Q: 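Structure provided below as structure tokens; questions to follow.
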Amino acid sequence: MTTHLKVAVIGAHGRIGSEAARAVEAAADMDLVAAVDRDDDLAELTGAGAEVAVELTHPDSAPANVDFLVRNGIHAVVGTTGWTDERLDTLRARLADSPGTGVLIAPNFSLGAVLTMHFARQAARFFESAEVVELHHPNKADAPSGTATRTARLIAEARREAALPPQPDATATALPGARGADVDGVPVHAVRLRGLLAHQEVLLGDTGETLTIRHDSMHHSSFMPGILLAARRVPRAPGLTVGLEHFLDLG
Ligand SMILES: NC(=O)C1=CN([C@@H]2O[C@H](COP(=O)(O)OP(=O)(O)OC[C@H]3O[C@@H](n4cnc5c(N)ncnc54)[C@H](OP(=O)(O)O)[C@@H]3O)[C@@H](O)[C@H]2O)C=CC1
Ligand SMILES: O=C(O)C1=N[C@H](C(=O)O)C[C@H](O)C1
């Protein structure tokens, strides 16, 4: 008899959480043992014997939910954004008391977005300038997106490794916000527009040429293969992993 992975979804009434609950239910090797949202008790997960929980709620809610999961030895696949360095440090300290538990935090579960970040990091050292434009639906809680923030950090890391100087920008006067948010020296611009779902462009420029890397998620289904892959893999990855790329072989 094959044993199915017991998976719970937290944030199961939300845009991505509801899609994730359906994807888990449809997966031949998984059982959806709990699907909870804001007013539910997380004790449902322990009662149901959840082995892995997929956390897709709100940046203000995720740290406490993940803390609960780690304290109860439930592996976590976290898509919720808003993980500052301070929040990650707190989580690492909690994980130290539960060394067998795995937590994956991924700002984006779609393969195209993971590749966009990978390619942007690869390309960054060859260009004088790089900026990130993310475009999302107007109901999104945070700006800039978790993906854009991580993309900018990866670009900044590559620029530092290549000892590139700060990006040129002769702007002397600007309306507040006109040059976007400064994420580790990389400008990040956020567009909120009905009709959009989740999109990102990485613009790289140097003398006489530009390179644009663009990714579009047209539907929440784009995130599901990554979420299911992460749920299968996270029990074998104790500790904290940030980024789905660590569970993929990107060469
Ligand atoms: N990593 C990835 O690939 C992706 C990540 N995301 C991220 O996922 C998160 C959710 O996005 P989205 O689905 O659009 O948001 P929604 O607002 O549609 O859904 C979030 C759901 O979580 C619920 N919720 C809030 N707090 C809690 C809590 N403490 N416990 C349980 N449930 C709670 C909300 O309830 P209520 O409405 O009452 O607040 C809501 O039903 C965001 O951070 C988003 O950026 C989104 C898509 C892809
Ligand atoms: O809120 C969303 O919709 C999304 N959030 C994630 C992010 O902030 O990067 C992933 C994707 O962009 C969709």
Side-chain angles (χ1 to χ4, degrees), residues 8-23 34-45 50 53-69 74 76-84 87 103-117 120 132-154 181 183 188-202 214-231 234 241-248:
V9 175
I10 310 177
H13 297 171
R15 278 177 289 271
I16 180 159
S18 54
E19 185 85 22
R22 281 191 292 275
V36 299
D37 208 78
R38 186 185 282 282
D39 295 328
D40 300 317
D41 190 343
L42 289 183
E44 257 191 59
L45 274 66
V54 179
E55 212 285 349
L56 297 160
T57 60
H58 186 281
D60 294 341
S61 304
N65 286 343
V66 178
D67 188 80
F68 172 91
L69 297 174
I74 301 173
V77 170
V78 185
T80 308
T81 47
W83 289 91
T84 59
R87 287 177 176 189
V103 175
L104 169 74
I105 297 179
N108 205 307
F109 286 107
S110 84
L111 182 61
V114 173
L115 289 173
T116 299
M117 290 184 262
V132 179
V133 185
E134 57 94 330
L135 310 91
H136 281 83
H137 59 90
N139 299 320
K140 182 167 174 52
D142 56 328
S145 70
T147 309
T149 304
R150 174 123 175 106
T151 307
R153 292 221 168 104
L154 291 171
V183 178
V188 178
H189 311 268
V191 175
R192 294 291 172 266
L193 205 66
R194 195 157 309 284
L196 297 178
L197 181 64
H199 317 259
Q200 176 164 288
E201 282 192 1
V202 181
R214 181 174 172 111
H215 174 254
D216 299 278
S217 271
M218 314 295 194
H219 190 268
H220 280 107
S221 54
S222 62
F223 305 111
M224 297 307 128
I227 289 177
L228 296 182
L229 180 151
V234 74
T241 304
V242 178
L244 184 64
E245 65 274 18
H246 299 290
F247 287 0
L248 302 168

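Hydrogens, waters and symmetry mates play no part in the numbers below; they use all other heavy atoms, side chains included. Counting convention: from 1, in listed order, for ligands and their atoms alike. The structure presented is a predicted model; accordingly, all values stated were derived computationally and were not measured.
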Q: Pick out the protein N or O atoms lying less than 3.5 Å from any N or O of ligand 1, and list each pair with its distance.
A:
| unit_1 | atom_1 | unit_2 | atom_2 | d |
| --- | --- | --- | --- | --- |
| ligand 1 | 1 (N) | Gly79 | O | 3.2 |
| ligand 1 | 1 (N) | Ala106 | O | 3.0 |
| ligand 1 | 1 (N) | Pro107 | O | 3.1 |
| ligand 1 | 3 (O) | Phe109 | N | 2.8 |
| ligand 1 | 13 (O) | Arg15 | N | 3.2 |
| ligand 1 | 13 (O) | Ile16 | N | 3.0 |
| ligand 1 | 14 (O) | Arg15 | NE | 2.9 |
| ligand 1 | 14 (O) | Arg15 | NH2 | 3.3 |
| ligand 1 | 18 (O) | Arg15 | N | 2.9 |
| ligand 1 | 18 (O) | Arg15 | NH2 | 3.4 |
| ligand 1 | 26 (N) | Ser61 | OG | 2.8 |
| ligand 1 | 29 (N) | Ser61 | OG | 3.3 |
| ligand 1 | 32 (N) | Arg38 | N | 3.1 |
| ligand 1 | 35 (O) | Asp37 | OD2 | 3.1 |
| ligand 1 | 38 (O) | Arg38 | NE | 3.0 |
| ligand 1 | 39 (O) | Arg38 | NE | 3.2 |
| ligand 1 | 39 (O) | Arg38 | NH2 | 2.8 |
| ligand 1 | 41 (O) | Asp37 | OD1 | 2.9 |
| ligand 1 | 41 (O) | Asp37 | OD2 | 3.0 |
| ligand 1 | 43 (O) | Thr81 | N | 3.1 |
| ligand 1 | 43 (O) | Thr81 | OG1 | 2.9 |
| ligand 1 | 45 (O) | Thr81 | OG1 | 3.3 |
| ligand 1 | 45 (O) | Lys140 | NZ | 2.9 |

Q: If we count only N and O atoms by modelled type, under 3.5 Å, do the side chains of Gln200 and Thr116 hold a donor and an acceptor together?
A: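 Gln200 vs Thr116: no donor-acceptor pair found between side chains.
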
Q: What residue pairs, at least two apart or across chains, pass salt bridge (charged side-chain N to carboxylate O under 4.0 Å, His left out) with a residue in residues 142-152?
A: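 Applying salt bridge (charged side-chain N to carboxylate O under 4.0 Å, His left out) to every pair that reaches into residues 142-152, excluding sequence neighbours, yields Lys140-Asp142, Arg150-Glu245.
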
Q: Can you tell me how far CG of Leu56 sits from CG of Asp37, rounded to the nearest 0.5 angstrom?
A: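 Answer for the CG-CG pair, Asp37 versus Leu56, is 10.5 Å.
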
Q: With a cut-off of 3.5 Å and sequence neighbours excluded, list every side-chain donor-acceptor pair involving residues 221-230.
A:
| unit_1 | atom_1 | unit_2 | atom_2 | d |
| --- | --- | --- | --- | --- |
| Ser221 | OG | His219 | ND1 | 2.9 |
| Ser222 | OG | Ser217 | OG | 2.9 |
| Ser222 | OG | His219 | O | 2.9 |

Q: Would you say that Leu244 contacts Leu104 through its side chain, given a criterion of any heavy-atom pair below 4.5 Å between the two side chains?
A: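 A side-chain contact exists here, since the closest heavy-atom pair is under 4.5 Å.
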
Q: How many angstroms lie between atom CG of Leu111 and atom NE2 of His215, to the nearest 0.5 angstrom?
A: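 Rounded to the nearest 0.5 Å, the CG-NE2 separation comes to 8.0 Å.
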
Q: Taking atom CD1 of Ile10 and atom CG of Leu69, what is their separation to the nearest 0.5 Å?
A: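 That separation rounds to 4.5 Å.
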
Q: Roughly how far apart are Arg38 CZ and Asp40 CG, rounded to 0.5 Å?
A: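 Reported to 0.5 Å precision, the distance equals 11.5 Å.
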
Q: Look up atom CG in Leu196 and atom NE2 in His136, then write down how far apart they are to the nearest 0.5 Å.
A: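 With rounding to 0.5 Å, CG (Leu196) is 9.0 Å from NE2 (His136).
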
Q: Using a 4.0 Å cut-off on heavy atoms, what residues surround ligand 2? Order them by chain and number.
A: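 Protein residues near ligand 2 are Thr81, Pro107, Asn108, His136, His137, Lys140, Ser145, Gly146, Thr147, Ala198, Phe223.
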
